[in-house]
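Whatever order the structure lists ligands and atoms in, that order sets their numbers, starting from 1.
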Amino acid sequence: MRKPIIAGNWKLHKTISEARELVQQLQESVADVSDCEIIVAPVFTALASLASTVAGSKIQLAAQNCHPATSGAFTGEVSAALLKDAGCSYVIVGHSERRQLFGETDDFINAKVKAVLAAGMQVIFCVGETLEERDSGAMFDVLARQVREGLRGLDNDAMRHVIIAYEPVWAIGTGQVASVDQAQDAHVFIRGLLAGFFDKCVEEQTRILYGGSVKPDNVDGLMAQGDIDGALVGGASLKAEDFIRIVRFTRQ
Ligand code: 13P
C-alpha cells in the first residue's frame, strides 16, 4: 500500500558534470525498478541540468532546502516555485543539518512545508533526536514536537503530499546506524502521532523513511520492518554501486 522510496541526499557534493555522470550510471541500472520511487537531491546548481538528464527515467529530483517566501528581498534564497521550475518534484525540509547548523526553527520549517505544498511538490519532512535527547529520555517529546509543529495547519488532503524522514542525528554520517528495533520503534511512534492529528488513512498511508548511515549491508534489515517505508541516504548515495544496491534492497 505504501510504495517504498529510496532517496539520495547528496548534501554539498558534486559538480554539475559529476552529478550528471552519477545519474547516468544510476539510470541504466535502475531502469527495470518499478516497485520503488527513486529520488536524488543534488545541490541547487545541478538541478536544472539534471532535470533534462533524468527526464523520462525512473529517477526524480528533490531539492535539499527552500525558502518559504514566493519571491522578494531574500538574498541568496530559492523559492519552492523556482525549484519546481528547475525540475524538482520533491523538497527536503527540516533536515537536522539545517536545524542545527542554520538555526531553523519548527515555525520556519512549517512555513517551508506549506510553501512546498503550495508550489505543487511533495515534501520530505525530516525529524530526529540528538544523542543527548535520546539519552536523557526526551526523544519522544522531541519527535512529537517536531511532527506537531512542522505539520501544523495541514489537513488530510495535504498530507497525501508529505513524506516523513526519521533521521536520528546521532546516526547521520557516523556509521552508527540505528538498530532495526530502534528505527521501527521510532517509526511506530511517529505513525501513532499522525493518528492524533489526522484521519486514520493518513496514519496508514504516510510513508516514513529512515535516514542515518544507511548502507548496502544494513538496508535489507531496515526495509524488512513493517513501518519503514524507505530510506534517505547520505554518504552511500554518492557512489553508484552502493546506491543501486540500496535501491535493490531485498523485497519481503
Ligand atoms: P548518512 O547516510 O551519510 O548518514 O546521511 C544521512 C542523511 O543525513 C540523509 O539526509
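Counting atoms of ligand 1 from 1 in the listed order, those under 4.0 Å from a heavy atom of Gly212 are 4 (O), 6 (C). Listed by number with element, the atoms of ligand 1 under 4.0 Å from a non-hydrogen atom of Ala171 are 4 (O). For ligand 1 and Leu232, the ligand atoms under 4.0 Å from any heavy atom of the residue are 9 (C), 10 (O). Within the listing of ligand 1, atoms 1 (P), 2 (O), 4 (O) sit less than 4.0 angstrom from a heavy atom of Ser213.
In terms of polar-atom proximity, defined here as any N/O pair under 3.5 Å, Gly173 does make such a contact with ligand 1. For ligand 1, the polar-atom distance check finds an N/O of His95 within less than 3.5 Å of one of the ligand's N/O atoms. Any N or O atom pair closer than 3.5 Å counts here, and Asn9 shares at least one such pair with ligand 1. On a distance-only criterion, Lys11 and ligand 1 share at least one N/O pair closer than 3.5 Å. Looking at ligand 1, you won't find any N or O of Val233 less than 3.5 Å from one of its N or O atoms.
Within the structure, side-chain hydrogen bond (donor to acceptor under 3.5 Å, both in side chains) contacts touching residues 50-68 (residues at least two apart or in different chains) are Gln27-Ser57, Gln60-Tyr90, Asn65-Lys112.
In this structure, atom 3 (O) of ligand 1 lies nearest to the protein heavy atom Gly235 N, 2.8 Å. Remark: minimum distance from atom 7 (C) of ligand 1 to any protein heavy atom is reached at Glu167 OE2, 3.2 Å. Nearest protein heavy-atom neighbour of atom 2 (O) of ligand 1: Gly234 N, 2.9 Å.
Between Glu37 and Lys3, no side-chain nitrogen of the basic residue sits less than 4.0 Å from a carboxylate oxygen of the acidic one, so the salt-bridge criterion is not met. We find that Glu104 and Arg98 are joined by a salt bridge, their nearest charged nitrogen and carboxylate oxygen being less than 4.0 Å apart.
Checked by atom type and distance alone, the side chain of Asp141 never pairs as donor or acceptor with a backbone atom of Ala138 at under 3.5 Å.
At most 12 heavy atoms of other shown residues, nucleotides or ligands fall within 6.0 angstrom of atom CG in Leu12. Within 6.0 Å of the CD atom in Glu241, the count of heavy atoms belonging to other residues, nucleotides or ligands does not exceed 12.
Relative to the ring axis of Phe249, Arg245 does not place its NZ or CZ within 45° and under 6.0 Å from the centre.
Heavy atoms of Ala236 stay at 4.0 angstrom or farther from ligand 1.
In the model, Arg191 has no side-chain atom that pairs as donor or acceptor with a side-chain atom of Thr206 under 3.5 Å.
Ring pair Tyr166/His187 is perpendicular by interplanar angle, where above 60° counts as perpendicular and below 30° as parallel.
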